There are 2 protein chains.
Amino acid sequence: MKSYCKFESALDILIGKWKPIILLQLISNGTMRFSELEKSIPDINKRMLTQQLRELEYNDIVHREAYNQIPPKVEYSISTYGQGLSVVLQVLNDWGESHIEHMKELYGAENAENEPG
Amino acid sequence: MKSYCKFESALDILIGKWKPIILLQLISNGTMRFSELEKSIPDINKRMLTQQLRELEYNDIVHREAYNQIPPKVEYSISTYGQGLSVVLQVLNDWGESHIEHMKELYGAENAENEPG
DNA sequence: CGGTATCCACTCCGATACTG
DNA sequence: CAGTATCGGAGTGGATACCG
């Protein structure tokens, strides 16, 4: 049996309320400006968007390109290194999808995606 | 490009301070009693162990077998359905391992596993 | 032995206001 | 446009005591 001892560090990178949807947007749309991300993600605010992007940038998943001009223009995209995450996200997505089905079988269709109250 | 729209629900199941290490223990050791888990995970307390186990049980990842006897005996193991997670954890583990290396290259060996302050 | 109940600390997140 | 600063509430986790 293999060790599995490092999967916490992978998790850490994906954890954060808005990181999944941010990654989703960047994967689907390629390069996006800050304001485009803001518009494409309803209910997020600037503070959270900035914070989550900074963490993803720190982990070299997202690339930030700032143009020195007025008004400012900053573009975000999945970094070259970050492309490697796509396999992981694909696996998580597939398993997540089937898990939703499994939960429906166990608990019925309503409210079946998450934890108990 | 595929949709990736369900990987949040997979994440939800793995998120929780002690879930990774609990899963690790059960995967490595098979069936374990409550007190064995408690001993094998330094710094966890009963409340947290119970809570995280309940959530994993709710999601049908962990199976709970209670024997009606005094003193009580309760055994936990990865459920049959939960075995399907191993592929996911393997992928996360592999990527996490290489990511730790990547962070070391970027930021040096010390303290390179997680987010910025 | 295998839990609950209670209380407290801390972190995460949201709302809002301000800035270069 | 693309942020930062500040504040407050909710949720998550820790310590401890108690229970069947």
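Every heavy atom of this structure was used, including side-chain atoms; hydrogens, water molecules and symmetry mates were not. Every chain is numbered from 1, with letters handed out A, B, ... down the list of sequences. All of these numbers come straight from a predicted model, not from anything done at the bench.
- As rounded to whole Å, 16 Å separates atom C1' of C:dG2 from atom CD of B:Q51.
- Axis angle between the ends of the helix from C:dC1-D:dG20 to C:dG20-D:dC1, five pairs each and rounded to 10 degrees, works out to 40°.
- Look at B:R54 and you won't find any side-chain N or O under 4.0 angstrom from OP1 or OP2 of C:dG2.
- B:N68 places its CG atom 13 Å from the C1' atom of C:dC1, with the value rounded to the nearest Å.
- Among residues two or more places apart in sequence or in another chain, the side-chain hydrogen bond (donor to acceptor under 3.5 Å, both in side chains) test is passed with A:E36 by none.
- No donor-acceptor pair closer than 3.5 Å links the side chain of B:T31 to the backbone N or O of B:E75.
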Check your understanding: Going 5' to 3' along nucleotides 14-20 of chain C, which nucleotides have protein heavy atoms under 4.0 Å from the base (write B), which only from the sugar-phosphate (write S), and which from neither (write -)?
Key -> BB----B

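- A:N59 and A:E55 share no side-chain donor-acceptor pair at under 3.5 Å.
- Partners of B:Q69 according to the side-chain contact (heavy atoms from CB on, under 4.5 Å) rule, which considers only residues two or more places apart in sequence or in another chain, are B:Y67, B:K73.
- Atom CG in B:L49 sits about 8 Å away from atom P in C:dG3, given to the nearest Å.
- Listed by chain and number, the residues in a side-chain hydrogen bond (donor to acceptor under 3.5 Å, both in side chains) with A:R64 are A:Y76 (sequence neighbours excluded).
- Here A:Q25 pairs with A:I21, A:N29, A:M32, A:L37, A:S40, A:I41 under the side-chain contact (heavy atoms from CB on, under 4.5 Å) rule; sequence neighbours left out.
- On the nucleic acid side, DNA chain D contacts chain B at distances under 4.0 Å to non-hydrogen atoms, with the end points of that region at D:dG13 to D:dG20.
- Under the side-chain hydrogen bond (donor to acceptor under 3.5 Å, both in side chains) criterion, B:E65 pairs with B:H63, sequence neighbours left out.
- Residues forming a salt bridge (Lys or Arg N to Asp or Glu O under 4.0 Å) with A:E38 (at least two apart in sequence, or on another chain): A:K46.
- Residue B:S35 has a polar side-chain atom (N or O) positioned under 4.0 Å from OP1 or OP2 of C:dG2.
- The ring-ring contact (aromatic ring centres under 6.0 Å, His included) search around B:W95 returns B:H99, not counting sequence neighbours.
- For A:E57, the salt bridge (Lys or Arg N to Asp or Glu O under 4.0 Å) criterion is met by A:R54, not counting sequence neighbours.
- Backbone-only contact: B:Q52 has heavy atoms under 4.0 Å from sugar-phosphate atoms and none from a base.
- Atom CD1 of A:I13 is separated from atom NZ of A:K19 by 8.0 Å, given to the nearest 0.5 angstrom.
- Between the CD1 atom of A:I15 and the P atom of C:dT11 there is a distance of 16 Å, rounded to whole Å.
- For B:Y76, no side-chain nitrogen or oxygen approaches OP1 or OP2 of C:dC1 to under 4.0 Å.
- Remark: P of C:dG3 and NZ of B:K73 are 14 Å apart, rounded to the nearest angstrom.
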